[in-house]
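Note that ligands are numbered from 1 as they come in the structure, with each ligand's atoms numbered from 1 the same way.
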Amino acid sequence: TGAAKDAAGGRLIMATNAEFPPYEYHDGDAVVGIDAEIAKAIADELGMELEIEDIAFDSIIPEIVSGKADMGLAGMTVTEDRMQSVDFSNTYAKASQKIIVTEDSEIASPDDLKGVIVGVQLGTTGDIYVSDLEADGTTVERYNKGFEAVQALSQGKIDAVVIDGEPAKTFVAETQGLKILDESFTDEEYAIAVKKGNTELLEKINGALKTLKDNGTLDEIVAKYIKA
Ligand code: GLN
């Protein structure tokens, strides 16, 4: 396909959804964040030019499957289900789904999500795992952007939000009256998605990731955005 040939010729197209701070978000017109910088560092390692495509989260895998994008970096959790559609690189970050509630909420643990209204971002692992609770009477409200779910929570429209820990911290810091529960809902790992069977690109990406891990670049990028 076009994109794959371009990548071989020097252009590396990354698909992402820039609504996920600190991994990817907008700074003016630019997409910045941990994933954007990791992708740039990989492109530099490979002598390629990075191009970032900002699309809906649930369009990223289709875009890779169709060959319009070469790789997906979007704080994307490795799941068995997604592995049916794409191949994943070695993982580059640990993550977890966290529960956000109002400061005065009676929800204190993952068990308490049964029977309440929970907001998630459409198509994310938060959506997938909370949807399992629908059988227990939980209502799932799906939003296009994680921050919209957090806003709905602060407006009292829903009872909790399940979302990845790092964007949870950012969104809670930007919104009054909310807190993150200590207990995680799930533990996950992020990796880079490529077209199934594109072992040439996958090996290049894994090689570049290893270099960036070994020479400290990866840690430096993360430290820039996540204060220990
Ligand atoms: N880690 C979650 C997932 O892979 C959320 C990613 C995101 O919203 N960008 O589904």
Side-chain angles (χ1 to χ4, degrees), residues 13-27 30-39 52-65 69 71-100 110 113 118-134 140-153 158 160-175 180-181 184-196 205 221-222 225-226:
I13 303 175
M14 159 186 170
T16 195
N17 173 235
E19 302 290 345
F20 197 73
Y23 282 89
E24 42 268 329
Y25 57 99
H26 287 279
D27 183 6
V31 174
V32 299
I34 295 171
D35 284 338
E37 292 208 22
I38 290 175
I52 300 181
E53 241 184 47
D54 179 23
I55 58 179
F57 182 75
D58 64 348
S59 298
I60 295 172
I61 287 180
E63 196 83 349
I64 291 164
V65 170
M71 59 178 188
L73 280 86
M76 190 181 286
T77 303
V78 178
T79 70
E80 289 292 327
D81 203 41
R82 290 173 181 165
M83 282 166 72
Q84 309 294 314
S85 312
V86 291
D87 287 340
F88 281 104
S89 71
N90 295 330
T91 59
Y92 64 88
K94 289 193 191 309
S96 52
Q97 295 298 311
K98 288 286 190 180
I99 299 167
I100 308 175
L113 294 181
V118 183
V120 297
Q121 187 188 354
L122 179 74
T124 61
T125 46
D127 182 1
I128 295 162
Y129 299 129
V130 176
S131 295
D132 287 343
L133 299 178
E134 282 174 323
V140 185
E141 292 287 346
R142 299 176 180 87
Y143 298 85
N144 286 319
K145 302 176 181 182
F147 189 58
E148 289 171 355
V150 175
Q151 283 174 313
L153 175 64
I158 58 177
V161 171
V162 172
I163 192 167
D164 299 53
E166 289 303 328
K169 278 191 225 161
T170 309
F171 295 152
V172 165
E174 289 170 0
T175 316
I180 302 171
L181 299 185
S184 296
F185 193 61
T186 58
D187 289 313
E188 310 184 348
E189 286 188 310
Y190 295 162
I192 300 170
V194 303
K195 189 173 178 140
K196 236 182 177 341
I205 289 172
I221 292 172
V222 172
Y225 291 92
I226 300 177

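- Considering backbone and side-chain atoms alike, Thr125 places an N or O below 3.5 Å from some N or O of ligand 1.
- Using a 4.0 Å cut-off to heavy atoms of Gln121, the atoms of ligand 1 that qualify are 8 (O).
- Ranking protein heavy atoms by distance to atom 6 (C) of ligand 1, first place goes to Gly75 O, 3.3 Å.
- Of the candidates Asn144, Asp54, Val31, Thr124, Asn17 forms a side chain to side chain contact (heavy atoms under 4.5 Å, CB included) with just one, namely Asp54.
- Under the 4.5 Å side-chain criterion, counting only non-hydrogen atoms from C-beta, Val162 is not in contact with Tyr129.
- Residue Tyr23 places no heavy atom under 4.0 Å from ligand 1.
- With a 4.5 Å cut-off on side-chain heavy atoms, Asp81 and Ile128 do not count as touching.
- Thr77 and Arg82 share no side-chain donor-acceptor pair at under 3.5 Å.
- In terms of protein heavy-atom proximity, atom 5 (C) of ligand 1 is closest to Asp164 OD1, 3.2 Å.
- The shortest distance between side-chain heavy atoms of Gln151 and Tyr143 does not fall below 4.5 Å.
- Between Phe147 and Thr175 there is a side-chain heavy-atom pair separated by less than 4.5 Å.
- Per-residue contacts place Ala74 under 4.0 angstrom from the following atoms of ligand 1 (heavy atoms of the residue considered): 6 (C), 7 (C), 9 (N).
- Listed by atom number, the atoms of ligand 1 under 4.0 Å from Tyr190 heavy atoms are 1 (N).
- Less than 4.0 angstrom separates some heavy atom of Met76 from each of these atoms of ligand 1: 4 (O).
- Formation of a donor-acceptor pair under 3.5 Å by the Tyr23 side chain with backbone atoms of Asp35 is not found in this model.
- Here is the list of ligand 1 atoms found below 4.0 Å of a heavy atom in Thr77: 1 (N), 2 (C), 3 (C), 4 (O).
- Between the CD atom of Glu24 and the CD1 atom of Ile38 there is a distance of 9.5 Å, given to the nearest 0.5 Å.
- Put simply, part of Arg82 is less than 4.0 Å from ligand 1, judged by heavy atoms.
- Taking only nitrogen or oxygen atoms, main chain and side chain alike, Gln97 does not reach within less than 3.5 Å of ligand 1.
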